[in-house]
Amino acid sequence: TTEIYTLSLHDALPISCMGNTLLIGSCEPFSGKSALVLGLARHLLSEGRTVRFGKPLATSLEWTAKGSPLPDPLIDDDVRFVGTTLGLDETRLIPSLHLLSPETADTRLRQGNLDAGTGLEMLLKDLQNDPNSFTMLEAAGSLHEGLMYGLSLVQLAQGLDAPVILVHLWQDSRSVDALLAAQQQLGDRLAGVVLNAVTPDEVEELNQHVVPALQALGLKVFGVMPRSPLLRSVTVGELVRRLDARVICCKERLELLVETLSIGAMNVNSAMEFFRRRRNMAVVTGADRTDIQLAALEASTQCLILTGAGEPLPQLVNRADELEVPLLKVEHDTLATVEVIEQAFGHVRLHETVKATYAFRLVEEHCNLSELFRAIS
């Protein structure tokens, strides 16, 4: 049965989705796919187009397994955020076919069931029956993620006969290797790429020299977006969750965004000078360093994280409460705390309105949308 289904889906498609469906993928997770989706969708909506959005493989969903059924419909948290931000009707949100989680992966492995099932065929028919809507589908985190579910980026591109735009984190010219690997696997379905998280000072250099070189390799570049501390930022609430921290004060301020990390381990005079040069900080320091703690509260500090034994002095708690700076206490030592926070930067979902607003502007200013849409039409 599986072999017949595979042949009918990939080799005998009577109608192509090309023109009204776009896959957004990446070579590694947290590359900026949702930011591009938001920018493209708002552009289309401004032109009066009907937009639909979904993630065939849900990767961001709070779900407690333990035998409980999956939500029906299975709407990924990223999809809901995009829908809410853009004001899309619930019917414009496409349910996921499967959920990527340790529990579901274990089930599929034990069953030896590695295809997408009839869900992908139904999705294909749905896309074909709605040619007036433009559908964007966000793939999983990398080229191979989702293979166990039959929903990797390459499998989706083949099964839906849809073009792919890759959002790619750029470090230096070595970053091209991953793009060339994607080009080999996707072939003509790779419509082009958007380079993301480029050091702002290097954007002009890339546009002048790197982009033409990539185009010569057959890799169309539709945009070069600079790295944004805001988009890489993490909420205080997310740090509380990751650190399993105790919130001593200002629990209502956990939505504050942290863009930088500072460690209060120097003398107070050096600390004050250092803190003045930083913005939107999380400051990590020992619970016994009241001098550093008070200095941090007078700077651009979004939260103060205390490590080690001991409790903060009442005057510190009062000052933090007065300035509305969340005060957190963790059981980890300073080194372990710093490692957790550093891993969080750039590895959180785009679920804040201020980030979405910035993403709109970033895509509009740094991507050639008219060329992009011509390439996939």
Side-chain angles (χ1 to χ4, degrees), residues 1-27 33 36-37 40-41 43-44 49-59 76 79 92-98 100 114-168 179-194 218-222 369-377:
T1 303
T2 302
E3 291 179 357
I4 294 174
Y5 160 75
T6 303
L7 286 172
S8 64
L9 181 61
H10 294 301
D11 298 336
L13 295 177
I15 303 174
S16 173
C17 293
M18 191 76 73
N20 74 325
T21 302
L22 175 63
L23 281 165
I24 307 292
S26 62
C27 298
K33 295 187 294 295
L36 182 63
V37 165
L40 296 181
H43 176 80
L44 290 165
R49 297 289 302 274
T50 302
V51 174
R52 299 199 304 171
F53 176 57
K55 290 173 63 174
L57 182 61
T59 59
D76 186 273
V79 175
R92 303 286 93 192
L93 306 182
I94 301 174
S96 299
L97 305 179
H98 294 289
L100 175 64
L114 304 183
D115 64 69
T118 58
L120 186 58
E121 188 174 25
M122 293 172 62
L123 174 59
L124 175 63
K125 290 179 180 178
D126 180 41
L127 297 176
Q128 293 169 348
N129 291 333
D130 191 7
N132 295 322
S133 296
F134 190 92
T135 301
M136 282 184 287
L137 299 173
E138 184 178 320
S142 64
L143 294 180
H144 63 269
E145 190 171 55
L147 275 169
M148 284 190 65
Y149 303 80
L151 295 173
S152 69
L153 176 59
V154 176
Q155 289 169 317
L156 285 171
Q158 292 174 347
L160 301 177
D161 191 20
V164 175
I165 300 292
L166 288 178
V167 186
H168 189 58
L179 292 177
L180 293 174
Q183 186 183 45
Q184 286 184 344
Q185 295 183 55
L186 291 167
D188 292 340
R189 291 190 175 91
L190 178 58
V193 303
V194 171
L219 293 165
K220 293 181 181 179
V221 180
F222 299 122
L369 299 185
S370 58
E371 183 180 345
L372 186 154
F373 286 114
R374 276 197 304 270
I376 63 175
S377 62

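- The two atoms that bring M136 and F53 nearest to each other are O-CD1, 3.0 Å, heavy atoms only.
- Judged by distance alone, the side chain of D76 and the main-chain N or O of T59 form a donor-acceptor pair under 3.5 Å.
- When atom types are taken as modelled, the side chain of Q183 and the backbone of L179 share no donor-acceptor pair closer than 3.5 angstrom.
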### Message
Apply side chain to side chain contact (heavy atoms under 4.5 Å, CB included) to residues R189 and D161 and explain how you reach the verdict.
### Response
CA-CA 8 Å; R189 291 190 175 91; D161 191 20; 3.5 Å; yes
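- Put simply, the side chain of P56 reaches to within 4.5 Å of the side chain of L156, judged on heavy atoms.
- At least one side-chain heavy atom of C27 sits under 4.5 Å from a side-chain heavy atom of H168.
- Using a 4.5 Å heavy-atom threshold, the side chains of R52 and D126 count as touching.
- A salt bridge does not link K125 with D130: none of the charged nitrogens is closer than 4.0 Å to a carboxylate oxygen.
- Here the CG atom belonging to L180 is positioned 6.0 Å from the CG atom belonging to L219, to the nearest 0.5 angstrom.
- Side chains of K55 and S96: no donor on one and acceptor on the other come within 3.5 Å.
- Of all heavy-atom pairs spanning R92 and S133, the tightest one is NH1-OG, 3.0 Å.
- Heavy atoms only, all atoms of each residue included: K33 and G141 are closest at NZ-CA, 4.0 Å.
- The shortest side-chain heavy-atom distance between V193 and V167 does not fall under the 4.5 Å cut-off.
- In plain terms, the two heavy atoms of L147 and S152 that are nearest each other are CD2-OG, 3.7 Å.
- Residues satisfying the side chain to side chain donor-acceptor pair (under 3.5 Å) criterion with H98, sequence neighbours excluded, are absent altogether.
- Atom-to-atom distance recorded for Q155:CD and H144:NE2 is 12.0 Å, nearest 0.5 angstrom.
- For the 3.5 Å distance criterion, the side chains of E121 and T118 fail to qualify, holding no donor opposite an acceptor.
- Using a 4.5 Å heavy-atom threshold, the side chains of L40 and L369 count as touching.
- Nearest heavy atom pair, residue A139 against residue L153, reads CB-CD1, 3.7 Å.
- Residues Y149 and L100 meet the side-chain proximity criterion, which asks for heavy atoms closer than 4.5 Å.
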### Task
Give the intermediate values and the outcome of side chain to side chain donor-acceptor pair (under 3.5 Å) for residues S142 and E145.
CA-CA 5 Å; S142 64; E145 190 171 55; 5.0 Å; no
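- Between R49 and F134, the closest heavy-atom pair is NH2-CB, 3.6 Å.
- Using a 4.5 Å heavy-atom cutoff, the side chains of L137 and L123 are in contact.
- Residue T135 is tested with T21, L23, T50, L160 for a side chain to side chain contact (heavy atoms under 4.5 Å, CB included); the sole match is T21.
- Separation of atoms CD (Q184) and CG (L143) is listed at 11.0 Å; rounding is to 0.5 Å.
- Paired with I165 under the rule side chain to side chain contact (heavy atoms under 4.5 Å, CB included), one option of L190, V37, L22 passes, and it is L22.
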